[in-house]
Amino acid sequence: MKQLLTLSFAVVSLFSGQAVLAASGDSMMLQSGDFVGYSFWLISMAMSAATIFFLMESMRIGGKWSTSLNVIALVCFIAAFHYFYMREMWVTTGESPTTFRYIDWLLTVPLQLVEFYLILAAVAAVSGGIFWRIFVGSLVMLVPGYMGEAGYLNATVGFVIGMLGWAFILYEIHAGEASKVSAASASAATQSSFTMMKWVVTVGWAIYPIGYFLGYLAGGTNAETVNIVYNLADLLNKIAFGLFIWYAANEDTSSSHG
Ligand SMILES: *C/C=C(C)/C=C/C=C(C)/C=C/C1=C(C)CCCC1(C)C
């Protein structure tokens with residue numbers, strides 16, 4: 001019941017956000033041939049649909065997996081909301097919605113990293129230190145990345161510091177405490193979802209620095225490349241990441257029921 005209320009609130013807020021944008025007057029339609037604009041449209045819709053899907057599945061599956069599924073629904077919801085604004089900014093100005101994007105990442109990246117903690121905490125006693133270390137790592141990755149893209153910092157310097165933050169997160173999940181707890185945990189479903197999430201953060205997340213490199217460091221600034229690469233990366237790293245958790249939750253609950 002509570003989740004149904006949350007869901008209806010989410011839907012109403014999405015539509016009222018759109019109404020405010022429409023009322024602001026300068027909204028422009030998507031132009032044909034604007035492929036970056038298409039990707040903003042597609043992904044804002046995919047994120048909205050994924051939000052509803054993960055919330056409904058969390059109600060159906062329930063139990064110890066419901067928090068993880070709710071968190072991924074929140075990630076998709078926050079992203080959907082930002083995508084509506086980013087799409088609007090792109091189609092009206094043709095400029096990179098860098099600030100909206102980084103506000104989104106600043107909220108959704110820590111929430112996704114909380115998932116590592118949550119899936120481990122569902123089966124083992126884990127220290128909060130795991131969460132705090134990867135949280136600090138995500139700030140070191142994102143803040144200089146923003147400063148580099150927005151022109152507050154040399155683009156190469158922002159890139160290099162951001163890479164160090166990401167490397168720190170990779171260390172924690174591949175060789176640090178989180179990986180040890182996962183290896184020692186009994187549940188096969190938890191271990192396999194931990195492994196899948198670990199590879200999303202290692203391989204899927206690599207798309208972002210590639211986008212940054214192509215957009216800012218490979219000669220001039222290329223707004224189209226940056227946005228198309230980041231958009232596809234978000235599609236993979238939010239929705240596919242959520243589907244991995246959803247898959248593990250299904251496996252776990254169906255095997256424990258016989
Ligand atoms: C849902 C959004 C996600 C998962 C965003 C992830 C963003 C990154 C992994 C960004 C990484 C970057 C670096 C590793 C170097 C500096 C530039 C960044 C911020 C693009």
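The shown structure was predicted, so the numbers you read here are calculated from the model rather than taken from an experiment. Heavy-atom basis, side chains included; hydrogens, waters and symmetry copies ignored.
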(message) For Val36, is there any backbone N or O sitting under 3.5 Å from a side-chain donor or acceptor partner on Glu224?
(response) no

(message) Side-chain heavy atoms nearer than 4.5 Å, only ILVMFWY residues, links allowed to pass through others: does that put Phe168 and Met141 together?
(response) no

(request) Check the angle between the aromatic planes of Phe131 and Phe135 and answer parallel, tilted or perpendicular using the 30° and 60° thresholds. (result) parallel

(request) Verify, without hydrogens or angle tests, whether Ser66 (side chain) and Gly63 (backbone) share a donor-acceptor contact under 3.5 angstrom. (result) yes

(message) Is the shortest side-chain heavy-atom distance between Leu74 and Asn70 below 4.5 Å?
(response) no

(message) Per the side chain to side chain donor-acceptor pair (under 3.5 Å) rule, what does the pair list look like for residues 197-207, sequence neighbours excluded?
(response) His174-Thr202

(message) Parallel, tilted or perpendicular, judged at 30° and 60°: which one describes the rings of Phe116 and Phe194?
(response) perpendicular

(message) Ring-plane angle category for Phe100 and Tyr85, please: parallel below 30°, perpendicular beyond 60°, tilted otherwise.
(response) tilted

(message) For the backbone of Ala248 and the side chain of Asp252, can you confirm whether one donor and one acceptor N or O come within less than 3.5 Å of each other?
(response) no

(message) Applying a strict under-4.5 Å side-chain criterion to I, L, V, M, F, W and Y, I'd like to know whether Val203 and Tyr171 cluster together.
(response) no

(request) Can you measure from CD1 (Ile72) to CD (Glu57) and round to the nearest 0.5 angstrom? (result) 13.5 Å

(message) Which residues pass the salt bridge (Lys or Arg N to Asp or Glu O under 4.0 Å) test with Glu177, not counting sequence neighbours?
(response) Arg133

(message) With heavy-atom distances below 4.5 Å as the criterion, would you say the side chains of Leu170 and Trp166 are in contact?
(response) yes

(request) Determine whether Ile130 and Glu172 make a side-chain contact, defined as any pair of heavy atoms from C-beta on separated by less than 4.5 Å. (result) yes

(message) Rounded at 0.5 Å granularity, tell me how far CZ in Phe81 sits from OG in Ser44.
(response) 12.0 Å

(request) Measure from the ring center of Tyr38 to the ring center of Phe35 and say whether it is less than 6.0 Å. (result) yes

(message) With side chain to side chain donor-acceptor pair (under 3.5 Å) as the rule and sequence neighbours excluded, what pairs involving residues 209-221 come up?
(response) Glu149-Tyr216

(request) Check the angle between the aromatic planes of Tyr208 and Trp105 and answer parallel, tilted or perpendicular using the 30° and 60° thresholds. (result) perpendicular

(request) Taking the side chain as every heavy atom from C-beta outward, state whether Ile78 and Leu111 have any atom pair closer than 4.5 Å. (result) yes

(request) Flag yes if Leu164 and Leu113 sit in one hydrophobic cluster, no otherwise; membership is Ile, Leu, Val, Met, Phe, Trp, Tyr, and two members link when side-chain heavy atoms are under 4.5 Å apart. (result) no

(request) Flag the pair Val91 / Phe40 as yes when at least one side-chain heavy-atom distance between them is below 4.5 Å, and no otherwise. (result) no

(request) Answer with yes or no whether the side chains of Asn231 and Tyr83 bring together a donor and an acceptor at under 3.5 Å. (result) yes

